[in-house]
Chemist: 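Pasting a structure here, questions to come.
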2 protein chains.
Amino acid sequence: MSDMLAGTSRNTRQRAEVLTLLDEVPDFRTAQQLHALLVRRGARVGLTTVYRTLQLLLDAGEVDVTRPPGGEQLFRKCSRSQHHHHLVCRQCGATVEVEGPAVERWADRVAQEHGFTDVGHTLEIFGTCQACAGIAG
Amino acid sequence: MSDMLAGTSRNTRQRAEVLTLLDEVPDFRTAQQLHALLVRRGARVGLTTVYRTLQLLLDAGEVDVTRPPGGEQLFRKCSRSQHHHHLVCRQCGATVEVEGPAVERWADRVAQEHGFTDVGHTLEIFGTCQACAGIAG
DNA sequence: TTGGTATTGAAAATGGTTATCGATTCTAGT
DNA sequence: ACTAGAATCGATAACCATTTTCAATACCAA
């Protein structure tokens with residue numbers, strides 16, 4: 001697992017299980033879904049530990065989180081660590097990483113024009129992917 | 001209150017109180033904050049009713065909702081009913097309505113290119129407004 | 001006015017997420 | 001290896017925003 005976390009952290013079996021799973025699942029998933037997947041494959045990891053590890057990975061910038069309108073938090077280990085956004089299927093969580101340099105500039109400019117500082121933004125695109133449209137279309 | 005809601009709905013005192021308050025508060029507020037404001041001014045409205053009325057107004061497209069990372073839902077009656085986005089102060093909820101036609105087109109094009117249908121997006125800019133920066137800057 | 005129905009709201013339930021805390025496990029030092 | 005000390009685990013309880021329940025009430029058409 002190398003040094004997934006800085007400072008005083010330990011490489012435990014549980015964290016390795018969560019990291020391995022995240023590498024295998026390409027879609028956005030809830031913490032509870034990830035925990036269920038771990039249990040199903042026989043990995044003995046508590047739900048609490050899944051939440052904690054995801055929070056650690058979030059702080060380390062190793063995973064992304066998004067929250068669809070009316071839904072719970074979704075986690076995903078993205079291929080790129082740089083700033084980007086997502087196109088996410090509402091049904092299955094299938095994800096496409098997208099970049100929008102023009103959007104970044106636009107958001108920063110708008111905020112600056114109104115005297116806002118310490119600016120950040122959230123931008124996610126939600127829809128139904130081709131596979132899910134074919135099933136329940 | 002006129003016909004704020006279609007179909008079988010009634011013009012109750014409680015709904016009028018919530019609507020009046022929303023017209024007076026220019027910033028994004030949580031349901032609980034709005035309820036507290038109502039109680040403070042002597043309006044006898046239950047928290048449940050505030051939640052329910054906000055949901056009705058949401059369905060009717062009369063109020064907007066946003067959810068800052070790690071926070072609860074924020075509600076606001078916007079001046080324009082057409083699609084737009086917000087620049088919101090993390091501290092006080094001060095809000096600026098903004099439009100980004102280029103962003104809309106970009107989001108729809110990206111989704112279409114990947115075969116997604118029934119597409120929507122969330123885009124909000126969060127920061128610290130000038131007033132709050134002056135207080136705790 | 002009156003009857004039927006939508007609405008209210010206090011209280012309880014819900015459900016995702018976080019805190020507790022004793023048991024366990026890793027790591028460094030010897 | 002052994003041991004001490006700290007980090008981690010995880011079952012359980014707590015948290016808290018939001019929703020549901022359901023009996024009492026308020027609205028409105030006739």
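Numbered from 1 within each chain, the chains take letters A, B, ... in sequence-line order.
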Chemist: In residues 32-52 of chain B, which residues come under 4.0 Å of DNA chain C by heavy atom?
Modeler: Arg44(B), Val45(B), Gly46(B), Thr48(B), Thr49(B), Arg52(B)
Chemist: So which residues get pulled into Leu123(A)'s cluster when ILVMFWY side chains under 4.5 Å apart are joined, directly or through others?
Modeler: Leu87(A), Val96(A), Val98(A), Val103(A), Trp106(A), Val110(A), Phe116(A), Val119(A), Ile125(A), Leu87(B), Val96(B), Val98(B), Val103(B), Trp106(B), Val110(B), Phe116(B), Val119(B), Leu123(B), Ile125(B)
Chemist: Taking CD in Gln112(A) as the centre, count heavy atoms belonging to other residues, nucleotides or ligands within less than 6.0 Å. Is the count above 12?
Modeler: no
Chemist: Does one hydrophobic cluster hold both Leu74(B) and Val63(B), with members joined at side-chain heavy-atom distances below 4.5 Å?
Modeler: no
Chemist: May I have the distance from Leu56(A) (atom CG) to dT8(D) (atom P), rounded to whole angstrom?
Modeler: 8 Å
Chemist: If I take atom CD in residue Gln73(A) and atom C1' in nucleotide dC16(D), what distance separates them, rounded to the nearest angstrom?
Modeler: 15 Å
Chemist: Glu72(B) CD to dT17(C) P: how many Å, rounded?
Modeler: 15 Å
Chemist: What integer distance in Å separates Gln55(A):CD from dT8(D):C1'?
Modeler: 16 Å
Chemist: In whole angstroms, how far is the P atom of dT24(C) from the CZ atom of Arg15(A)?
Modeler: 19 Å
Chemist: Please examine the side chains of Leu54(B) and Leu58(B), heavy atoms only from C-beta on, and report whether any two atoms are closer than 4.5 Å.
Modeler: no
Chemist: So how far off straight is the helix from dT1(C)-dA30(D) to dT30(C)-dA1(D), going by the axes through five pairs at either end, to 10°?
Modeler: 30°
Chemist: Report yes if the side chains of Arg29(A) and Asp27(A) come closer than 4.5 Å at any heavy-atom pair, otherwise no.
Modeler: yes
Chemist: Hey, quick one: are Val25(B) and Val65(B) part of the same hydrophobic cluster, counting side-chain heavy atoms closer than 4.5 Å, chains of contacts allowed?
Modeler: yes
Chemist: For residues 38-49 of chain B, which side-chain donor-acceptor pairs fall under 3.5 Å, sequence neighbours excluded?
Modeler:
residue, atom, partner, partner atom, Å
Arg41(B), NH2, Glu24(B), OE1, 2.5

Chemist: Which of parallel (below 30°), tilted (30 to 60°) and perpendicular (above 60°) describes His85(B) and His121(B)?
Modeler: tilted
Chemist: Rounded to the nearest 0.5 Å, what separates atom NZ in Lys77(A) from atom CG in Leu19(A)?
Modeler: 6.5 Å
Chemist: Heavy atoms under 4.0 Å is the rule here; annotate nucleotides 25-30 of chain D 5' to 3' with B where the base is hit, S where only the sugar-phosphate is, and - elsewhere.
Modeler: -BBS--
Chemist: Does any pair with a residue in residues 24-72 of chain A pass ring pair (Phe, Tyr, Trp, His ring centres under 6.0 Å), and if so which ones, sequence neighbours excluded?
Modeler: Phe28(A)-His86(A)
Chemist: Could you tell me the separation between the CG atom of Leu22(B) and the CZ atom of Phe75(B), rounded to the nearest 0.5 Å?
Modeler: 9.5 Å
